[in-house]
There are 2 protein chains.
Amino acid sequence: MNVQLNNFNSKREAILNSTLLLVKEYGFHGAPMSQIAKHANVAAGTIYHYFDSKETLIVELYIRTKDQLAEAILEGYDESKSYKDRFFRFMINQYNFYIKNESAMVFLEQYINSPFAKNFPEKDSVLFKEKVIAFFQAGIDGEYFKKIDPRLLGPTIRGTLVAAANFRLSEHMIYSEEDITEVVQIVWDGIKRQ
Amino acid sequence: MNVQLNNFNSKREAILNSTLLLVKEYGFHGAPMSQIAKHANVAAGTIYHYFDSKETLIVELYIRTKDQLAEAILEGYDESKSYKDRFFRFMINQYNFYIKNESAMVFLEQYINSPFAKNFPEKDSVLFKEKVIAFFQAGIDGEYFKKIDPRLLGPTIRGTLVAAANFRLSEHMIYSEEDITEVVQIVWDGIKRQ
DNA sequence: ATTGTTTAATTGAACGTTCATTCGGTTGCA
DNA sequence: TGCAACCGAATGAACGTTCAATTAAACAAT
């Protein structure tokens, strides 16, 4: 298509990636635009060519990161498998994404607990909502799960997976398939119809 | 005892309370010392009479808030009850604390996911560690729970309760005993020995 | 009780720094 | 030649922190 599009994306992506890393390391207030620019090898002014403000930069980074999470979760989706198998695949994918992208996980957690999330509740990943949350809804409708509000189910699952991923990461442990399955089993046992 | 002690504490407490509220509302970077001072009805300089820096103010607020959480969790502790009953009491207490102290919950979650927590891992509530975490350890030792590392168990439980409290708070719903028990049941079903 | 003395608490303007953002100018591609 | 991408010094606002000055409290001596 367009060569310029590559340039456009490469600088833009570099800015987003640097923001993710620096926010993870130093928090929102500890990641100034000047440092983000330096880390991304662009001029400070260039950031404002792609983003209106620091605020929109953060919000767009959130959407992009959650899109990536949704894509990772959906990887290897197989309609022919049982609901439980698909659920475990979802959970293991999410767990692995967190392990492999610690900065993404930390950023997402920081964002969710920050004023941003409350100020822009409509700014979110469409893919995540339409595929991942819909899958959980199907689990409730299909009576695999307890009758819980799906908006409660999502954060509950996230909480456990984040806890597990944080633990593994802080211990610098190599994670085996059993480790992951054990954690997912906690989630499943908690929410399944007894 | 000492009249001065009252004054000492009242200003200090006012500063801590204002910080909690403003950090919850605007985040760490959105809560400047000048605003904290104004909200607490003290001069900017007064804050530095009680705290070395903004950083130590935040850290000391974290410890105080987690102490308060620990006290709330331990309320009505009855050694004669069964382990499961005591566990449910712990969980319901924690859930209620979150519901009644939204700013404390939000602050704790923000803190845990911020660089502060990684930079000062030794700065934490002694009460929480010696009573609450010890209780979970006893649950593992006593074979009520799956064989999980207690450092994994804690955040897992927290994740679910925070998710539930956030949900209830965002929906402005009146919480009934059944609501709470339903959530705790999720946690219990997840981690108990099957 | 009163007065003088010392110490602690409190103030808020001032300081130096850092920050997000701007903008006039430059480059490089179409 | 035109236009979007890009630069980076400049700007002004906002920030955390300091400090000289003021007030209040505690204590001691009378």
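Chain naming here is simple, since letters A, B, ... match the order of the sequence lines and numbering starts at 1 in each. Values below: all heavy atoms of this structure, side chains included; hydrogens, waters and symmetry mates excluded.
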Spacing between [X] atom [atom1] and [N] atom [atom2], to the nearest angstrom:
X	N	atom1	atom2	value
B:Arg12	C:dA8	CZ	C1'	16 Å
A:Asn41	D:dG8	CG	C1'	14 Å
B:Leu57	D:dT17	CG	P	10 Å
B:Ile47	C:dT11	CD1	P	10 Å
B:Ile15	C:dT11	CD1	C1'	13 Å
B:Phe51	C:dA9	CZ	P	13 Å

Distance-only check: which donor-acceptor pairs under 3.5 Å involve side-chain atoms of residues 20-47 of chain B, not counting sequence neighbours?
unit_1, atom_1, unit_2, atom_2, d
B:His39, ND1, B:Ser18, OG, 2.8
B:Thr46, OG1, B:Ala43, O, 3.4

Check this for me, if you would: do [X] and [Y] make a salt bridge, where the nitrogen-to-carboxylate-oxygen distance has to be below 4.0 angstrom?
X	Y	value
B:Glu13	B:Arg64	yes
A:Asp189	B:Lys192	no
B:Lys66	B:Asp124	yes

Residues two or more places apart in sequence or in another chain: which of them pass ring pair (Phe, Tyr, Trp, His ring centres under 6.0 Å) with A:Tyr98?
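Partners of A:Tyr98 under the ring pair (Phe, Tyr, Trp, His ring centres under 6.0 Å) test: none.
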Look at atom NZ of B:Lys131 and say whether more than 12 heavy atoms of other residues, nucleotides or ligands are closer to it than 6.0 Å.
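No, the 6.0 Å shell around NZ holds no more than 12 heavy atoms from other groups.
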Ignoring backbone atoms, establish whether B:His49 has a side-chain N or O less than 4.0 Å from OP1 or OP2 of C:dT10.
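For C:dT10, OP1/OP2 do not have a side-chain N/O of B:His49 under 4.0 Å.
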Short side-chain N/O contact from A:Lys11 to OP1 or OP2 of D:dC7, under 4.0 Å
yes
Along nucleotides 19-24 of chain C, 5' to 3', which nucleotides get a B, which get an S, and which get a -, given that the test is a protein heavy-atom distance under 4.0 Å?
SSBB--
